[in-house]
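Accompanying notes for the structure given below.
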2 protein chains.
Amino acid sequence: MSLSRISRKLDLSITTVSRALGGHSDVSSATRARVEAEALRIDYRPHEGARRLRRGRADAVGLILPTGIGRFDDPFFLRLLSAVGPALAEAGLDLLVSSAPPGDAELAAYRHMVEGRKVDAFLLARMRVRDARVDYLQNAAVPFVAHGRSSSKRPYAFVDTDGTQVVAQATSRLIGFGHRSIAFLAASGDLSFSIARESGWRQALTEAGLIATAIFQAEPTEAGGFDAMHALLCSVAPGDLQVSAVVCATDRMAVGVLHALAETGLRAGRDISVIGFDDHAFSTHTAPPLTTIAQPIEAAGRRMVAMLTQILAGADPETLFEIMSAQLIARASDGPAAEQSRIETTKGQTL
Amino acid sequence: MSLSRISRKLDLSITTVSRALGGHSDVSSATRARVEAEALRIDYRPHEGARRLRRGRADAVGLILPTGIGRFDDPFFLRLLSAVGPALAEAGLDLLVSSAPPGDAELAAYRHMVEGRKVDAFLLARMRVRDARVDYLQNAAVPFVAHGRSSSKRPYAFVDTDGTQVVAQATSRLIGFGHRSIAFLAASGDLSFSIARESGWRQALTEAGLIATAIFQAEPTEAGGFDAMHALLCSVAPGDLQVSAVVCATDRMAVGVLHALAETGLRAGRDISVIGFDDHAFSTHTAPPLTTIAQPIEAAGRRMVAMLTQILAGADPETLFEIMSAQLIARASDGPAAEQSRIETTKGQTL
DNA sequence: TTGAAAGCGTTACCAA
DNA sequence: TTGGTAACGCTTTCAA
């Protein structure tokens with residue numbers, strides 16, 4: 001009842017009003033001005049539903065939060081969301097959010113949005129190496145942009161952080177500090193970002209002629225990091241473990257590691273070095289402040305939206321990608337190996 | 001083209017198919033069975049836009065994240081989102097998310113959703129004492145359920161945590177520990193939850209015959225907590241400040257406080273007691289592990305959705321509310337005042 | 001128990 | 001440059 005209201009008021013056809021507002025060229029500028037003035041006056045907004053019905057698209061994009069252990073309250077998603085929100089709004093796109101644990105329920109959530117034509121496209125995050133979402137969406141020919149890569153046969157649009165490169169750099173820093181036995185604490189769950197970071201660690205070690213065997217795995221949460229480090233410290237038979245530094249797949253894990261260390265009386269940054277990844281807000285305030293890697297989540301979010309609009313405008317998703325570099329933030333949780341004893345020694349001293 | 005597809009296939013009218021699927025009684029069970037079978041076969045889903053247009057409602061609810069300093073990556077929202085997501089899905093409601101900094105842009109975001117008939121209702125969080133969102137929505141007659149209260153003249157539906165009661169309890173615990181000078185670190189920005197918690201602190205102090213003057217304010221973030229505590233420690237002229245415990249409005253602030261303390265060589269839990277609020281995942285792993293208060297965010301989210309569906313079904317929002325109790329989680333950042341010196345003394349010792 | 005028809009607000013095609 | 005008309009897919013009278 002809205003276009004028609006303007007049309008009646010101005011004694012124009014609905015068609016003309018629609019075209020005037022739609023910015024079509026075949027409207028006299030006088031008419032356009034009148035229409036625009038009236039639209040402004042009554043604060044006209046097109047009815048979304050009607051528009052969708054007619055145009056056959058939703059002008060909305062979906063984002064499904066992976067819930068489940070360790071994922072449901074990760075600051076990563078909030079940062080992504082708040083960057084993506086305004087960018088989408090500017091592009092005239094709505095954001096439909098849902099949440100589901102990875103697996104069947106997750107796929108069902110995607111299907112729900114697709115089949116109800118609720119969205120035109122998706123934003124994916126937390127890619128898994130084998131990612132069923134990619135297969136489904138590619139199959140269903142639903143456009144999407146991902147944050148992170150996975151091993152799909154067909155390429156897709158993505159933005160990613162160069163985790164490999166920067167973790168290699170961080171690991172080299174540790175090597176430069178004199179560390180010779182550097183562990184990597186990986187995230188469980190087939191998460192791509194962890195794999196990439198791990199290979200940076202491996203790469204730096206290999207290049208330095210060191211062996212990359214000290215790899216552990218845990219949930220990408222504080223609890224996961226704590227448990228893993230705790231187990232490591234407990235399991236050590238004197239003279240066995242020689243790890244003097246730990247590179248963690250995420251800041252949250254690093255927080256747990258720091259805790260486990262402190263509990264055993266070990267001082268991160270002196271007795272053992274710890275490096276995280278993400279540079280979340282709390283990482284400045286851990287004890288000691290965490291040396292970590294800042295990745296441009298907000299910029300990535302905006303870039304993802306830009307890609308999405310291109311794809312929606314007809315661009316080929318297979319050619320769209322960007323790999324962003326991350327930056328090491330040196331704080332106090334790592335340091336020279338010189339001052340450090342091997343774990344078992346220190347343990348013997350402090351326990 | 002979908003109802004019609006079924007209707008053609010089964011040689012029925014679109015009307016009948018619609019009614020069969022809509023669960024109306026005036027369809028023969030035989031017909032209904034045929035329709036349902038076919039719908040299942042082709043995996044029919046009604047077109048949202050069409051439905052909206054016809055029904056005049058969106059079957060969607062909006063949630064606008066308050067961005068801006070200290071808010072954009074608060075775990076609170078993620079926990080709320082992930083609870084609310086499945087609950088809404090079950091109720092057949094979509095969730096539209098956007099983000100905006102409090103102020104004009106925020107109101108514009110609400111207006112945008114309302115006027116585009118994108119949503120039928122809103123979920124509000126982080127209520128402010130004087131909250132323009134409430135005024136706007138009440139005026140526009142758009143239903144909503146809030147997490148938290150504000151000082152509006154007309155009542156509205158809300159779920160809230162009883163911050164007052166539980167903070168009073170926490171403060172009493174501190175008093176029981178022998179603390180006599182207990183500070184409250186409030187969140188800036190007119191945030192209701194902070195006011196409520198503050199009054200719990202004040203109440204406990206007053207009841208114990210102590211004065212409630214040591215109140216400080218900061219952004220509800222790690223950095224805010226750090227800066228406030230840091231300033232407090234620095235500003236202290238020997239013999240001036242006698243604070244031996246700090247109750248923080250949020251866990252994030254408490255993390256910053258812990259950091260500032262550690263930096264000065266003070267040990268939380270011994271030299272000074274710190275209590276947080278929220279029991280976020282990282283609070284188990286701070287140094288020392290944070291004594292805090294767990295509020296039922298997920299349960300609150302689900303309850304909010306339940307209220308929303310009631311309101312959408314015609315219930316009166318003014319009668320709908322629930323105040324949930326929170327629970328003190330004792331960890332290691334607080335303790336007996338006996339072992340503690342006053343700040344200036346300790347400072348003198350350690351600096 | 002079923003069907004025909006109208007209409008929700010919009011856009012697009014075609015004709016004037 | 002403008003307007004009439006149809007159509008998007010659905011629900012809801014009203015009639016049969």
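The shortest side-chain heavy-atom distance between B:Ser99 and A:Pro86 falls under the 4.5 Å cut-off. Annotation: side chain of A:Tyr156 is not in contact with side chain of A:Val145 (no heavy-atom distance under 4.5 Å). Side-chain contact check for A:Glu38 versus A:Val17: every heavy-atom pair is 4.5 Å or farther apart.
Position along DNA chain C of the nearest nucleotide to B:Ala50 versus B:Asp26 favours B:Asp26 as the more 5'-ward residue. Comparing A:His24 and B:Val17 against DNA chain C, the residue whose closest nucleotide sits nearer the 5' end is B:Val17.
Here the CZ-OH distance, from B:Phe144 to B:Tyr136, works out to 12.0 Å after rounding to the nearest 0.5 Å. Residue A:Leu308 holds its CG atom at 11.5 Å from CZ of A:Arg303, rounded to the nearest 0.5 Å. Of the inter-residue distances, the one linking A:Ser7 atom OG with A:Ile14 atom CD1 reads 4.5 Å to the nearest 0.5 angstrom.
In this structure, B:Arg55 atom CZ and D:dT11 atom C1' are separated by 8 Å, rounded to whole Å. Between the CD1 atom of A:Ile6 and the P atom of C:dT11 there is a distance of 11 Å, given to the nearest Å.
Between A:Asp94 and the choices A:Arg52, A:Lys118, A:Arg57, the salt bridge (Lys or Arg N to Asp or Glu O under 4.0 Å) rule is met once, by A:Arg52.
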Shorter than 3.5 Å, N or O on both sides, protein versus nucleotides 4-6 of chain C: list them out with atom names.
residue, atom, partner, partner atom, Å
C:dA4, N7, B:Thr15, OG1, 3.1
C:dA4, N6, B:Thr15, OG1, 3.1
C:dA5, N6, B:Thr15, OG1, 3.2

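Among the nucleotides C:dT2, C:dT10, D:dG9, the one closest to any side-chain atom of B:Val27 is C:dT2.
A salt bridge links A:Asp160 with A:Arg149: at least one charged nitrogen is closer than 4.0 Å to a carboxylate oxygen. Under a 4.0 Å N-O distance rule, the pair A:Arg45/A:Asp43 qualifies as a salt bridge.
Here the closest non-hydrogen pair linking A:Met127 and A:Gly148 is CG-O, 3.2 Å. Of all non-hydrogen atoms in A:Thr161 and A:Pro296, the two that sit nearest each other are OG1-CD, 4.4 Å.
Between C:dT11 and A:Arg51, a contact under 4.0 Å exists linking OP1 or OP2 to a side-chain N or O. Contact annotation: B:Ser18 side-chain N/O to D:dT11 OP1/OP2 distance is under 4.0 Å.
Listed by residue number, the members of residues 28-35 of chain B with any heavy atom below 4.0 angstrom from DNA chain C are B:Ser28, B:Thr31.
Each end of the helix from C:dT1-D:dA16 to C:dA16-D:dT1 gets its own axis from five base pairs, and the two axes differ in direction by 40°, given to 10 degrees.
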